[in-house]
Structure formats: structure tokens, C-alpha cells
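Chain naming here is simple, since letters A, B, ... match the order of the sequence lines and numbering starts at 1 in each. Just so we're clear, the structure is a prediction, and the values are computed from it rather than from any experiment.
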2 protein chains.
Amino acid sequence: MLRGQGLATDHKTRGTTGRIPFAEQAYNALKQQILGNVLPAGSQFLEQEIAERLNMSRTPTREAMVRLANEGLVEVRPRHGMRVLPISPKDMAEIYDIITALEASAAGTLANLELDKQTLKPLIDAVEEMDRALESDDLQAWADADHEFHSQLVGLTGNRRLINLIATFHDQGQRVRMTTLHMRPRPDKSNEDHRAVVDAILANDAATARDIHRRHRETAGKVLIKLLHEHHLTHI
Amino acid sequence: MLRGQGLATDHKTRGTTGRIPFAEQAYNALKQQILGNVLPAGSQFLEQEIAERLNMSRTPTREAMVRLANEGLVEVRPRHGMRVLPISPKDMAEIYDIITALEASAAGTLANLELDKQTLKPLIDAVEEMDRALESDDLQAWADADHEFHSQLVGLTGNRRLINLIATFHDQGQRVRMTTLHMRPRPDKSNEDHRAVVDAILANDAATARDIHRRHRETAGKVLIKLLHEHHLTHI
DNA sequence: CCTCAAATTAACGTATACCTAAACTTATAC
DNA sequence: GTATAAGTTTAGGTATACGTTAATTTGAGG
């Protein structure tokens with residue numbers, strides 16, 4: 001659940017005591033290590049191994065594994081432990097289809113809200129940051145700003161379920177995007193697209209906002225998947 | 001998440017032995033009881049109570065609770081056990097926004113696939129079933145056929161993540177739809193819309209398919225939410 | 001009667017124990 | 001040497017035990 005929904009991404013509100021439950025520590029640690037490719041795609045670990053690695057018993061470990069499985073980051077098979085799921089081009093197509101649909105819709109929603117420039121500042125800032133990053137040929141900074149833009153786009157809708165969903169699928173594609181970051185052509189078109197989406201939102205033109213954003217993501221998805229095929233990256 | 005994603009809706013493939021793990025039994029039973037309003041919105045249960053109710057220990061019970069929480073059906077608060085989450089009009093708006101975006105996109109996807117009438121038969125059948133149900137004033141049958149239509153629509157895309165997502169959010173809105181089923185005006189327009197979506201898909205007109213479906217769901221969502229406000233149903 | 005602190009209770013988070021069955025190893029038959 | 005069967009190991013599913021801490025109750029002071 002995906003992150004499923006609900007608490008999956010949210011930091012579970014906990015009492016005034018600062019203590020973080022082991023189950024959540026395990027979840028956070030494993031997730032970070034999966035996204036950071038410390039636990040690479042395809043790698044497997046028995047419950048016991050993970051528990052030892054995290055200095056806790058199998059119980060909270062298991063709970064974390066269940067949550068990660070619901071989010072689609074790992075697979076749990078009896079007697080084989082937890083396996084970090086590799087992402088195939090087909091998976092990436094599924095992920096992009098979903099992100100495309102949700103973000104395009106979000107862009108339309110924002111356009112209908114008649115927001116002022118002040119409220120959209122986070123979006124505008126992100127676009128400018130992307131420009132700067134491109135100028136200085138800092139692809140990592142560009143990727144960060146790109147993520148910031150897409151994250152703010154859905155964040156401004158205020159739809160918590162939507163925000164969590166986008167985060168979940170962003171995470172699923174994380175490794176693939178990182179792997180291919182330096183294989184892509186310079187993403188100048190991306191920056192243009194983002195600016196056009198912001199303009200459409202400011203003009204309260206929902207149809208255009210949706211359309212541009214959809215095409216933007218569709219294209220990005222196609223480029224990425226083509227790249228995967230060209231480089232024979234069938235399972236990342 | 002979802003169901004988060006992944007295994008959430010899928011029946012976990014299990015060995016040739018027919019035995020179903022307690023954790024999964026618990027998940028299935030609780031989910032069924034929540035959707036069927038046997039465990040009504042707002043009701044709370046301690047881990048121990050659920051465990052006793054299901055004739056098992058707290059361990060598999062907890063695992064089921066975690067999964068249900070990830071899917072957004074319940075909330076788990078230390079010392080208060082599991083609480084079946086009530087759905088507010090705002091929740092319903094979030095849910096409909098997501099379903100609308102995803103299904104409209106699915107309709108567009110299908111239109112681009114150049115499918116023949118044979119492949120779309122499940123969709124066409126569902127529309128006809130809805131007609132029959134309306135003629136015989138059988139609202140429950142209509143709701144079932146309506147669900148079948150929407151389920152087939154995303155099913156035909158073959159996108160497993162998408163299919164799971166739609167199922168998750170369908171579940172989240174289940175109680176609300178059932179509660180309001182007999183408060184709605186006769187859904188004649190719905191059947192028209194569905195037919196138009198099928199036509200657009202057959203005509204390989206993605207933009208129209210997306211548009212009609214989006215408007216269809218938007219309208220349905222607005223009608224539903226208006227109904228909730230009129231009847232002061234703030235938490236179902 | 002009300003307020004706040006101390007004492008008590010109990011729900012949960014976690015660790016551990018246990019048993020079953022799948023995976024692996026060894027042995028036996030051909 | 002291969003195939004099958006018996007024996008062994010071990011991972012995981014579940015139950016249970018235990019300590020911590022939040023919630024509740026009790027009681028003292030006003």
C-alpha cells in the first residue's frame with residue numbers, strides 16, 4: 001500500500017516521549033537502505049538476519065517487513081525471507097501511468113482553486129531552482145528540485161491520500177531514476193513544461209494544466225523506459 | 001497500500017497445502033466485517049478482544065491490523081486498539097478525486113489500445129446489466145453492475161498497481177455508497193455515461209474517453225457529497 | 001464537591017519459546 | 001551415477017511471557 005494509505009508515509013504521531021518504537025525504526029531504516037540501494041534489488045534476507053542487523057527481535061522486524069511489502073518495495077516469501085523487489089520496464093510503465101494520472105489531475109485541481117502567485121511560490125521556486133541546477137550542470141540538484149516541484153504540486157491540493165500515493169510510487173521508482181539520471185539527455189524541456197503548468201494553473205485553465213502535465217509525464221516515462229531497454233536494464 | 005500495493009488485494013500465493021495463515025484469516029475476516037458494517041465506523045477494539053473474537057493470539061491479529069491500517073480502513077492507536085475509521089465528506093472528496101483521476105486515465109489508456117468489441121465485452125455486458133437492473137428497480141443489482149463496470153475498466157489496462165489502488169479506494173468508500181444507495185436519484189445518467197465511455201474507447205478516442213469518464217465521476221462524487229451534507233452524514 | 005498527586009491497572013511493544021512443515025542432506029535401491 | 005526415500009535442519013508462524021508506560025482509580029487536601 002501501498003503504502004497503502006494512511007500512516008504509511010506519515011510519521012506516526014507519538015506521545016510526548018521521544019521514543020521511537022522499534023517497529024518504526026526498522027521500517028525507516030530498511031526503507032532508507034532500500035531506496036539508497038544499500039540493500040540492492042533482488043537481495044534477500046531472512047527475518048533473523050534483518051533482526052540481528054537492526055539489533056532487535058524478529059517481532060518488530062516482521063511488522064516493518066509487512067509494511068514494506070504493502071508498499072510494494074519488498075516481497076516476503078515464507079522460508080526465503082524478504083526480497084527487495086527489482087523494478088522492470090513494465091513496472092516502471094505501471095508506475096508512470098499512475099503518477100501521470102494523479103499529478104495531471106492535481107494540476108487541474110489547483111487550476112480550479114484560483115490560487116494566487118504567493119500560494120504557488122513553492123512551485124515557482126522549484127522551477128527556478130531547476131533552471132539554476134541545469135545551468136550549473138548539477139543533475140542531482142536538478143533531480144531534487146524536480147522532485148520538489150512534483151511534491152509541491154500534489155501537496156498544494158491538500159489531499160492527504162493523494163500525497164501519500166504519489167510518495168509511495170515515487171519511492172518505487174527511486175532506484176530506477178537514480179540509476180538513469182546521468183544517461184538522460186539534458187532535461188531542458190522538463191523545465192519548460194513545468195513553467196507552462198504553473199502558468200496554466202495561474203490562468204485557472206484546468207484543461208490545459210492537466211493536458212500539459214499529462215504529456216510532460218507521459219514523455220518523461222517513455223524516455224525513461226526507452227533508456228532502460230537501450231541499456232538492457234531489465235531489473236533494477 | 002495500499003493494500004497499499006502488492007499483496008494487499010492479491011491472495012498471497014501459498015503452497016500446495018491449503019492452509020491459510022491466521023494472519024491472513026484475520027485480515028480477511030476483519031476486512032469483510034468492516035466493509036459489511038458489522039464493525040461499524042468509529043467502533044474500537046483492543047488487540048486482545050479481536051484476538052479472542054478470531055480465536056487466535058495477538059500476534060497474527062496485530063499483523064492484520066497493520067495491514068488494514070496501511071489500507072486506510074482502520075487506525076491503530078496505542079492503548080486504544082484498532083478503530084474503524086469513519087469517512088467524512090472531506091474523505092469522500094479525496095477518495096473520489098483519486099478514483100476519478102485513475103479511472104479517467106484508464107479509459108484513455110484503453111482507447112489507445114485499439115481494442116475490439118470482443119475484448120470490451122465485459123464492459124458492454126456490465127452496461128447492459130445496469131440497464132436491466134434499473135428497469136427492475138433493483139438498486140443493489142445496479143450498484144453491483146456499476147462496480148463491475150468500473151472494475152473491468154481498470155482491469156483491462158492490465159496495470160496491477162492501478163487495479164489494486166482502485167480496489168483500495170473502492171473499499172474505503174464502500175460503507176458510504178451502501179448507506180446512500182437508496183437516497184440517490186435514479187442513476188439513468190450514469191448508464192448513459194458508461195455507454196459513451198465504451199463508445200469512445202471503441203472509437204480509439206482517448207481524449208473523449210478520459211473527459212467523459214472524468215466528468216462522470218466528478219458529477220457522481222459531487223452528488224454523493226451533497227447528499228452527505230443534506231442528510232448530515234458527517235461520519236459514516 | 002473539586003483538584004491534583006500517588007497508586008494501581010492493563011494494553012501494548014518487544015522478546016522469546018515452541019512447533020510445524022519446507023528445504024536440505026544423507027542413505028538406499030536400482 | 002541417478003532417483004527416490006528417510007532423516008535432519010531451520011525458517012517462519014504463532015503463542016506466550018514480560019516490562020514499560022499511559023490511562024485510570026484512589027485518596028488527600030482544599
Side-chain N,O (B:R19) to OP1/OP2 (D:dT14) below 4.0 Å: yes
In this structure, how many angstroms lie between the C1' atom of C:dT16 and the CD atom of A:E52, rounded? 14 Å
Test item: side-chain donor near acceptor, B:H194 and B:H216, under 3.5 Å: yes
Where along residues 54-62 of chain A does a heavy atom fall under 4.0 Å from DNA chain D? A:R58, A:R62
Suppose we screen for side chain to side chain donor-acceptor pair (under 3.5 Å). Which residues come up paired with B:S88, at least two apart in sequence or across chains? B:D91
To the nearest Å, give me how far apart CD (B:E63) and P (C:dT14) are. 15 Å
Under 6.0 Å between ring centres, would you say that holds for A:H147 and A:H150? no
Whole-Å distance, B:H80 NE2 to D:dA23 C1', equals 8 Å
By the ring pair (Phe, Tyr, Trp, His ring centres under 6.0 Å) test, which pairs, at least two apart or in different chains, include something from residues 39-96 of chain B? none
Nearest whole angstrom, please: distance from the C1' of D:dG12 to the CE of A:M65. 9 Å
Anything under 3.5 Å between a donor and an acceptor, one on a side chain of residues 46-58 of chain B, the other on a protein residue two or more places apart or in another chain? List them.
residue : atom : partner : partner atom : Å
B:E47   : OE1  : B:R58   : NE           : 2.9
B:E47   : OE1  : B:R58   : NH2          : 3.2
B:E47   : OE2  : B:R62   : NH1          : 2.8
B:E49   : OE2  : B:L46   : N            : 2.7
B:R53   : NE   : B:Q33   : OE1          : 3.2
B:R53   : NH2  : B:Q33   : OE1          : 3.3
B:S57   : OG   : B:T59   : N            : 3.3

Can you tell me if B:D97 and B:T100 form a side-chain donor-acceptor pair at under 3.5 Å? no
Measure the distance from CE on A:M82 to P on D:dG12 and round it to the nearest whole Å. 11 Å
Between A:R177 and A:A143 (side chain of the first, backbone of the second, donor and acceptor by atom type, cut-off under 3.5 Å), is there such a pair? no
Find the distance B:F22:CZ to C:dC19:P and express it as a whole number of Å. 15 Å
Contact residues, residues 40-48 of chain B to DNA chain C [heavy atom, < 4.0 Å]: B:L46, B:E47
Could you work out which one of D:dA23, C:dT14, D:dT14 sits closest to the side chain of B:R79? D:dA23
Where at least one partner belongs to residues 223-236 of chain A, residue pairs that pass salt bridge (charged side-chain N to carboxylate O under 4.0 Å, His left out), sequence neighbours excluded: A:K226-A:E230
